[in-house]
Chemist: 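The structure under discussion is supplied below as structure tokens; questions concerning it will follow.
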Amino acid sequence: MKLVFERSRPGRGTRYLPECDVPVVLPEDPGRGIPLRLPELPEVEVSRHYTALAHQTFGVNEGFYPLGSCTMKYNPAVNEHAAALPGFTQVHPLQEAHTVQGCLEVERKLEDMLCEITGMDAMTLQPAAGAHGEFTGLLLIKAYHRSRGDTARTRILVPDSAHGTNPASASMAGFEVVSIPSDAKGCVDLEALRKAAGPDTAGLMLTNPNTVGLFDPQILEITRVVHEAGGLCYYDGANLNAIMGIARPGDMGFDVVHLNLHKTFSTPHGGGGPGSGPSGCKEFLSRFLPGRESPDSIGNVRSFHGNFLVAVRALAYLLSIGREGVPEAARNAVLNANYMRIGLRDAYDMAFDTVCMHEFVMTLESLKEKTGVSALDIAKAMLDHGVHPPTMYFPLIVHEALMVEPTETESRETLDEAIALYRQLAEEAREHPETMHQRPEHTPVRRLDEVGAARNPVIRYAYEV
């Protein structure tokens, strides 16, 4: 489709605003070398342009969306209705506290619920995204060690299967990152952890279930090893949806957590936001939390109260599903993932062919060696069938990886259709591998030169001179 600038014609448009009836005050030097170039279109063309864009946008409302780790999950309309209430949208963060008691009650109720779900004692809603929550939690760990004069603890232990934000957040917080390898079963190598943990260990960052979708059966021993070395244990809550209401990070020995409200608690996650990554901690760390009137606080990590309307959505979700609905969502996520894993295990190689949690990882390494068809080829071919591809090439410890997370809300019929599609594509790859390299064939844009796009991105429209 044409860009809106390509549809523009000088002099076209619609004016609804009346002429200004007060003096116009503009700076003598506007600081702009050329006039502002805005597209000029009549109203009907503007409407058609945005409608055409909407038709090319794929979301959970259009079809199956099994993207792992950061899946667009169920986003019920009631959440959006709650977040659109004037009492929430028309407040100002600088209002007097007595005028925003309802908003403060929303935050307090959500904090209490998140503490109960995670086994933490205190929570802050300030962080604006998952990685921001990680960074906040690591600052709590750093503040704790500094308060005790234990400045030698400069290293954070991170499993090699971790989300990429984990080592990045640790580095940003000023720590040295030590990678801990996985064992043959896809979990933390305990012997390697024991060797790495020592007097310079500030903490461990861990996701459980991990990024290959497995709950680490050694989790209590893992946190014990780190605590005995004097470090603290940080829980990455990106995969909490698999265990919420059933197992709590705080009971596993974790001292700090972050949660992704924009994943686990149903706020839309598409398009890069909005997000919210609350950080929680045990009582002995609460004095370091941002937003606290404490001389030990690490200070605010974001202006005011974070992304408040995301918190409204999360609270609406938790209140609507209730205490019984939280573990039910987790069980359904695990059930759906295992249903698909079993349905595909004879068509694809599973990276770890055992009971998984909310997601599972397939390796197409053997398929690529035999046919030349890669994980990318399979993922691109799915687009022709109206299904969003799963995560590709992650985690890095699995070659030619496809990570599938069906989520808790998909029906058995949808899963059966997805299984049939995966099996069909595997068969096509073995019988007609040459055609797979050309897919997709029926999308608005065919296969792109992704390397060229990454190295030479075109990020703005080039006007004709």
Side-chain angles (χ1 to χ4, degrees), residues 1-57 59 75 77 79-107 124-129 131-132 261-262 267-277 290-291 293 299-316 457-465:
M1 61 177 288
K2 289 184 177 181
L3 299 178
V4 68
F5 296 100
E6 295 173 310
R7 294 182 176 275
S8 176
R9 296 294 183 272
R12 294 184 181 175
T14 304
R15 290 185 175 87
Y16 289 110
L17 297 178
E19 293 294 329
C20 186
D21 59 357
V22 296
V24 177
V25 180
L26 294 173
E28 294 183 4
D29 180 11
R32 179 180 291 278
I34 59 175
L36 182 63
R37 288 172 166 172
L38 295 177
E40 298 177 76
L41 289 88
E43 180 181 355
V44 66
E45 291 294 331
V46 173
S47 177
R48 287 171 180 168
H49 170 72
Y50 283 105
T51 300
L53 286 178
H55 288 164
Q56 293 193 17
T57 301
N75 310 136
N79 296 6
E80 302 304 314
H81 176 73
L85 292 173
F88 294 142
T89 61
Q90 295 180 13
V91 297
H92 191 282
L94 293 179
Q95 284 183 222
E96 294 290 338
H98 74 274
T99 68
V100 291
Q101 286 301 301
C103 297
L104 295 176
E105 184 179 358
V106 165
E107 293 196 328
T124 176
L125 302 180
Q126 275 197 12
H132 198 193
L261 296 188
H262 52 277
T267 289
H269 188 225
S276 180
E293 295 182 2
N300 290 340
V301 295
R302 191 185 184 283
S303 57
F304 306 113
H305 300 277
N307 286 339
F308 172 66
L309 295 181
V310 179
V312 173
R313 291 180 175 96
L315 180 62
V458 178
I459 56 176
R460 69 175 188 173
Y461 179 70
Y463 289 93
E464 294 182 4
V465 179

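What you see below is based on every heavy atom in this structure, not just the backbone, and it leaves out hydrogens, waters and symmetry mates.
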Chemist: Could I get the full list of side-chain contact (heavy atoms from CB on, under 4.5 Å) partners for Ile34, not counting sequence neighbours?
Modeler: Arg37

Chemist: Taking all non-hydrogen atoms of both residues into account, name the closest pair between Ala316 and Asn79 and its distance.
Modeler: CB-OD1, 3.8 Å

Chemist: Pair Phe304, Leu94 - check side-chain contact (heavy atoms from CB on, under 4.5 Å), show working.
Modeler: CA-CA 8 Å; Phe304 306 113; Leu94 293 179; 3.5 Å; yes

Chemist: Under the rule for ring pair (Phe, Tyr, Trp, His ring centres under 6.0 Å), what residues qualify as partners of Tyr461, not counting sequence neighbours?
Modeler: Phe5, Tyr463

Chemist: Of all residues at least two apart in sequence or in a different chain, which pass the side-chain contact (heavy atoms from CB on, under 4.5 Å) check with Gln101?
Modeler: Ala97, Leu104

Chemist: Of all residues at least two apart in sequence or in a different chain, which pass the side-chain hydrogen bond (donor to acceptor under 3.5 Å, both in side chains) check with Thr99?
Modeler: Gln95

Chemist: What residues form a side-chain contact (heavy atoms from CB on, under 4.5 Å) with Val24, not counting sequence neighbours?
Modeler: Cys20, Leu26

Chemist: If I compare all heavy atoms of Ser276 with all of His262, which pair ends up nearest, and what's the gap?
Modeler: N-ND1, 3.0 Å

Chemist: Restricting to pairs with a member in residues 89-107, which pass salt bridge (Lys or Arg N to Asp or Glu O under 4.0 Å), not counting sequence neighbours?
Modeler: Glu105-Lys109

Chemist: Please say whether more than 12 non-hydrogen atoms of neighbouring residues, nucleotides or ligands are located less than 6.0 Å from CG in Leu36.
Modeler: yes

Chemist: Please list, chain by chain and in numerical order, all residues satisfying side-chain contact (heavy atoms from CB on, under 4.5 Å) with Thr124, sequence neighbours excluded.
Modeler: Gln126, Pro127, Ser279, Leu289, Pro290

Chemist: If you look only at distance, which donor and acceptor atoms sit under 3.5 Å apart when one is on a side chain in residues 40-48 and the other is two or more places apart or in another chain?
Modeler:
residue: Glu40; atom: OE1; partner: Gly11; partner atom: N; Å: 2.9
residue: Glu43; atom: OE1; partner: Tyr16; partner atom: OH; Å: 2.4

Chemist: Testing the 3.5 Å rule here: is there a donor-acceptor pair between the side chains of Arg313 and Asn75?
Modeler: no

Chemist: Can you tell if the side chain of Leu125 reaches within under 4.5 Å of the side chain of Phe308, non-hydrogen atoms only?
Modeler: no

Chemist: Write out all pairs satisfying side chain to side chain donor-acceptor pair (under 3.5 Å) with one or both partners inside residues 1-13, taking only residues at least two apart or from two chains.
Modeler: none

Chemist: What closest approach, in Å, do Cys103 and Phe88 show between heavy atoms, and which atom pair accounts for it?
Modeler: SG-CD2, 3.9 Å

